[in-house]
Protein chains: 2
Amino acid sequence: MVTLAEVAQHARVSASTVSYVLSGKRSISAGTRERVEHSIRELGYHPNAGARALASNRSNIIALMVPLRTDMYVPVMMEIAIAVATTARTHGYDVLLLTGEEGPDAVRRVTSSGLADGMILMDVELDDERLPLLRGGVAGQGRPVGEQEQPAVLIGLPSDTTGLTCVDLDFRATGALCVDHLAALGHRDVAVIGEAPAVYERHTGFAERTLQGLRSRGGELGLRLLHRPCAGGYDATAVTLARILDERPDTTGFVVQNESAVEPLLALLRQRGRAVPEDVSVVAICPEQVAVQASVALTSVALPAQEMGRRAVDHLVAKLEGRGGDEVVLLAPELTIRASSGPAPARP
Amino acid sequence: MVTLAEVAQHARVSASTVSYVLSGKRSISAGTRERVEHSIRELGYHPNAGARALASNRSNIIALMVPLRTDMYVPVMMEIAIAVATTARTHGYDVLLLTGEEGPDAVRRVTSSGLADGMILMDVELDDERLPLLRGGVAGQGRPVGEQEQPAVLIGLPSDTTGLTCVDLDFRATGALCVDHLAALGHRDVAVIGEAPAVYERHTGFAERTLQGLRSRGGELGLRLLHRPCAGGYDATAVTLARILDERPDTTGFVVQNESAVEPLLALLRQRGRAVPEDVSVVAICPEQVAVQASVALTSVALPAQEMGRRAVDHLVAKLEGRGGDEVVLLAPELTIRASSGPAPARP
DNA sequence: CGACACAGTCGAAGCGCTTCGACGACTATG
DNA sequence: CATAGTCGTCGAAGCGCTTCGACTGTGTCG
């Protein structure tokens, strides 16, 4: 193992000089810098992470807490995780992968052991038990003794965002956008095939916010909106669709939020002789890829997974460097019109 | 921040005693142990990771290198990653998430900075460029100067496994198992819908090995086997299926390896009036969940993602603790019969 | 032309932990 | 009863790095 001292010796300078060449925190003459850099390359030196963390009190590691359950949006999670990892690298950080399993304990462990400099949390619930540990110092509202603030960014939006930095798609606007589109095409009866019931029971923000957006805009536009949670998969979707058409036979518009209900829905509609988009229109909220690869290319609002991962890291790094404070970033949804939506059929 | 020294002071013992209580490397009297543990709890002490890594030369971190591309098997990757993370925690390790992006450099960086104690690599190619850095000391075959061995476990199987520890599903046996099943049901013309062409071009081991298994057993049993790569998604699958039925109209058995071709295939067969399983049988190689949720519950060989993640960690930890050496672990495939396969229809 | 700023370098302290050797107090052994 | 061994504890020496203050030499200004 090559150490700083060996590099220093090889370059005939002191250890501190090598350190300053590496960090750039003091000016170094061009000649010295070159000699040192040459020695570093020649010896294949890599600074020891532990020593660095100990001395500088920064680990250059970001913790990423992913949900343990794999019941939803797995590809989206993965995409976010990968975007986080690659973006972090461009800032010189590595990413530590935590699962939700440990819950708040993980936050405490990582914070107080100095394992990570900051953390990014995915799949935040509306009233997440980890939040108290993360909130910035709010005036007159100290944290429990011995707990210090951990710079953090949430991907998702809890109900109370004070002292928190959050990045998320604007799901309210997303819901509104879907409704707008269908209403503009003349649809009056719209069904919403939502996430699995468990997702609502957990009070996952995005699902509820989408619904709010759908409902409030739907109300404004005078649509008849029917929302049904759906576990996804073929059988569950079949049941959900049957119930919907039973209750509201005139339904001509569908908004689907559960990506694992998308393909089953299309197949079922086909089976029932309802052509897409001639008889019914379908708008999905799902990753681009799912929309494009579906058996009917789907009009959809994309889930900008990469963008969210990138933004989360950028904000966290800004915080770590003392720039920028708490902030809620809501990404504007974009609707892409594809082949699954069209004018509502003429009323009989 | 609470330090070891403060705990020691609080418990009225020396710092080293606290350290030994924590590590258990020397015997401690029950009374002292209790006092120390009490102080630790009371002060909310968490050892500083950097200091620990520096002094002990072990970081208690495992690096997990996931493929950058998200073109295949994303849920499987995610499941493996989560299994790795949770299993690692049970051994007292955390997991560092690396993307394939940096390639061999990431291996070098992590190795020589002491960031991680060992690594797990996913999506290994047959002749992966990272392998030379990982191979154990093979007799008479030293590593380049300055490179030291990094304890590693691969998930996947390269062509040359000398000096390597690998964990994978036995894809050869998997292929054979699929063919066996179809042959036993009387199918003579079997088509294989494989992974995307790019996967074969990269020489990803599992795809080629599955094919070998299919072909060799198919040959023994006298089947007519037709293999076609398929990018997945509806359109690509439609093209692939059309070609297959064009070339071999008598095809009654399908083996599908690309999970994103599964649902499209079922829809397309339905459309062409070929009933599953009455007219054609389908066997899939995919995660359990996909098989169960499909529009026809699929007879399948499951991809044991969790199992692979767990095993990889267990083996790596064993290595790190000096137990066990290089080894290739091939998990035996298991075929679950569901609704998508049945006796071949009588010949006209 | 002396005082002063500043760039460039060094030495040393110290980050919080592990671990080695030492040492006193006991217990077993012949 | 002397000797060896064992158990439980301590002190001190680092691990490899960052960073602070100090020092030297050069250029600048009044």
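All values derive from a computational prediction rather than experimental measurement. Naming convention: chains lettered A, B, ... in sequence-line order (proteins, then strands); numbering from 1 in each chain.
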Dump the pairs, protein N or O against N or O of nucleotides 11-13 of chain D, anything under 3.5 Å, distances to one decimal.
unit_1 : atom_1 : unit_2 : atom_2 : d
D:dG11 : N7     : B:S16  : OG     : 3.4
D:dG11 : O6     : B:S16  : OG     : 3.2

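Ranked by how close their nearest DNA chain D nucleotide is to the 5' end, B:A51 and B:V13 are led by B:V13.
Between A:L43 and A:H10, some side-chain heavy-atom pair lies under the 4.5 Å cut-off. A:L316 has its side chain within reach of A:P151: a pair of non-hydrogen atoms, C-beta onward, lies under 4.5 Å apart.
No salt bridge links B:D326 with B:R135; every basic N to acidic carboxylate O contact stays at or beyond 4.0 Å. A salt bridge does not link A:D105 to A:R130: none of the charged nitrogens lies less than 4.0 Å from a carboxylate oxygen. A:R202 has no carboxylate O lying under 4.0 Å from a charged side-chain N of A:D128, or vice versa, which leaves the two without a salt bridge. We find that B:E101 and A:R89 are not joined by a salt bridge, their nearest charged nitrogen and carboxylate oxygen being 4.0 Å or further apart.
Under the side chain to side chain contact (heavy atoms under 4.5 Å, CB included) criterion, A:R310 pairs with A:T87, A:E307, A:D314, sequence neighbours left out.
For B:A55, counting side-chain heavy atoms from C-beta on, the closest listed nucleotide (D:dC17, D:dG14, D:dC10) is D:dG14. Set against D:dG16, D:dC10, D:dT18, the side chain of B:T17 has D:dC10 as its closest nucleotide.
Side-chain contact, B:T32 with B:S29: a donor N or O sits under 3.5 Å from an acceptor N or O. Side-chain contact annotation: B:S59 with B:D117, donor-acceptor N/O pair under 3.5 Å present. If you check the side chains of B:S16 and B:S19, you find no donor sitting under 3.5 Å from an acceptor.
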* Structure fact -> Its contact letters, B for base, S for sugar-phosphate only and - for none at protein heavy atoms under 4.0 Å, make nucleotides 23-28 of chain C read ------

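Contact annotation for B:S19: base contact, defined as any heavy-atom pair under 4.0 Å involving a base atom.
At least one donor-acceptor pair closer than 3.5 Å links the side chain of B:S113 to the backbone N or O of B:R109.
At whole-Å resolution of the value, CD in B:Q9 and P in C:dC17 are 14 Å apart. Look at CG on B:L115: it is 13 Å from P on D:dC17, rounded to the nearest Å. Going from atom CG of A:N60 over to atom P of D:dC17 covers 14 Å, rounded to whole Å. The distance from atom CG of B:L4 to atom P of C:dG16 is 10 Å, rounded to the nearest whole Å. Put simply, CG on A:N57 is 8 Å from C1' on C:dC15, counting in whole angstrom units. As rounded to whole Å, 4 Å separates atom C1' of C:dC15 from atom CG of A:L54. In this structure, the CZ atom of B:R58 is 18 Å from the P atom of C:dC17, given to the nearest Å. Rounded to whole Å, atom P of C:dG16 lies 7 Å from atom CE of B:M1.
Helix-axis bend for the helix from C:dC1-D:dG30 to C:dG30-D:dC1: the local axis fitted to the five terminal pairs at one end deviates from that at the other end by 40°, rounded to 10°.
Within residues 24-45 of chain A, the residues having any heavy atom closer than 4.0 Å to DNA chain C are, in order of number, A:R26, A:S27, A:I28, A:S29, A:T32.
A pairwise comparison of heavy atoms in A:T161 and A:L157 identifies CG2-CD1, 3.9 Å as the closest pair.
Listed by first then second residue, pairs satisfying side-chain hydrogen bond (donor to acceptor under 3.5 Å, both in side chains) with a partner in residues 40-57 of chain A read A:H38-A:E42, not counting sequence neighbours.
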* Just do the side-chain contact (heavy atoms from CB on, under 4.5 Å) check on B:L98 and B:L64 with the steps written out, would you? => CA-CA 6 Å; B:L98 303 176; B:L64 174 69; over 6 Å; no

